[in-house]
Amino acid sequence: MLIRYFGAAQAAAGVAQEQLQPTQDSIRAVLDAALAAHPDRDGKPSLRRILEHSSLLLDETVIRNRDQPLGEARMLDVLPPFAGG
């Protein structure tokens, strides 16, 4: 699954995008894989904290249920709150 990070999520992850292999078929499993790949470190924004407040798009569709199965989806976008809108 391709995960793309924007804004503060990109700063916390240290990459704009990456391929992750979740252990289960759910959005939550993808997020858990991202957290495992990018643990909290001193002096760096917390990806865990940012993910808690971010909007998610699964193949460009807004997701509200993080336990939703991935199905055939190929891309997850992480959109943290943006200033000014």
Side-chain angles (χ1 to χ4, degrees):
M1 156 107 2
L2 176 66
I3 184 167
R4 299 189 308 175
Y5 303 101
F6 295 88
Q10 181 178 342
V15 295
Q17 64 184 28
E18 62 187 336
Q19 288 286 336
L20 295 174
Q21 299 301 320
T23 58
Q24 296 176 355
D25 182 35
S26 72
I27 292 168
R28 189 169 308 280
V30 174
L31 299 177
D32 287 345
L35 292 172
H38 306 286
D40 289 350
R41 287 175 266 196
D42 290 339
K44 193 171 182 187
S46 168
L47 184 59
R48 178 177 304 282
R49 191 163 165 209
I50 291 166
L51 289 177
E52 290 172 1
H53 301 287
S54 292
S55 297
L56 303 174
L57 301 177
L58 186 63
D59 282 350
E60 300 182 4
T61 300
V62 174
I63 297 304
R64 306 247 186 259
N65 178 4
R66 293 180 180 218
D67 293 315
Q68 174 179 322
L70 296 171
E72 298 298 317
R74 295 178 174 222
M75 182 172 56
L76 180 69
D77 292 332
V78 177
L79 305 165
F82 292 93

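Because the structure is a prediction, the values reported are computed rather than measured. Count residues from 1 along the sequence.
You'll find the side chain of Val15 reaches within 4.5 Å of the side chain of His38, heavy atoms only. Put simply, the side chain of Arg74 reaches to within 4.5 Å of the side chain of Asp59, judged on heavy atoms. Residues Leu57 and Ile63 form no side-chain contact, since every pair of their non-hydrogen atoms from C-beta on lies 4.5 Å or further apart.
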Practice problem: Would you check, one step at a time, whether the test side-chain hydrogen bond (donor to acceptor under 3.5 Å, both in side chains) holds for Asp40 with Ser46? | Solution: CA-CA 5 Å; Asp40 289 350; Ser46 168; 3.0 Å; yes
Quiz item: What do the steps show when you test Val62 against Leu56 for side chain to side chain contact (heavy atoms under 4.5 Å, CB included), and what is the final call?
Solution: CA-CA 6 Å; Val62 174; Leu56 303 174; over 6 Å; no
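Counting non-hydrogen atoms of neighbouring residues, nucleotides and ligands closer than 6.0 angstrom, the CZ atom of Arg41 exceeds 12 such neighbours. In Arg66, the CZ atom is crowded: over 12 heavy atoms of neighbouring residues, nucleotides or ligands sit closer than 6.0 Å. Within 6.0 Å of the CD atom in Glu52, the count of heavy atoms belonging to other residues, nucleotides or ligands exceeds 12.
Residue Leu20 is grouped with residue Leu51 when hydrophobic side chains (ILVMFWY) are merged at heavy-atom distances under 4.5 angstrom, including chains of intermediate members. Residues Leu31 and Leu79 do not share a hydrophobic cluster, defined by chaining ILVMFWY side chains whose heavy atoms lie under 4.5 Å apart. Using a 4.5 Å cut-off between side-chain heavy atoms of Ile, Leu, Val, Met, Phe, Trp and Tyr, with links allowed through other members, Leu70 and Leu76 fall into the same hydrophobic cluster. Residues Ile50 and Val30 fall into different hydrophobic clusters, defined by Ile, Leu, Val, Met, Phe, Trp and Tyr side chains chained together at heavy-atom separations under 4.5 Å.
Between the CD atom of Gln19 and the CD1 atom of Ile3 there is a distance of 10.5 Å, given to the nearest 0.5 Å. In this structure, Tyr5 OH and Ser54 OG are separated by 10.5 Å, a value rounded to the nearest 0.5 Å. Annotation: the span from Glu72 atom CD to Asp25 atom CG amounts to 9.0 Å, rounded to 0.5 Å. Between atom CG of residue Leu2 and atom CE of residue Met75 there is a gap of 6.5 Å, rounded to the nearest 0.5 Å.
Minimum heavy-atom separation, Pro45 to Ala12: O-CB, 3.4 Å. Closest non-hydrogen pair, Ala34 versus Leu47, comes out as O-CD2, 3.9 Å. Across all their heavy atoms, Met1 and Ala73 have their closest contact at CE-O, 3.3 Å. Pairing each heavy atom of Ala9 with each of Val78, the nearest pair is CB-CG1, 3.8 Å. Between Ala8 and Pro80, the closest heavy-atom pair is N-CG, 3.7 Å.
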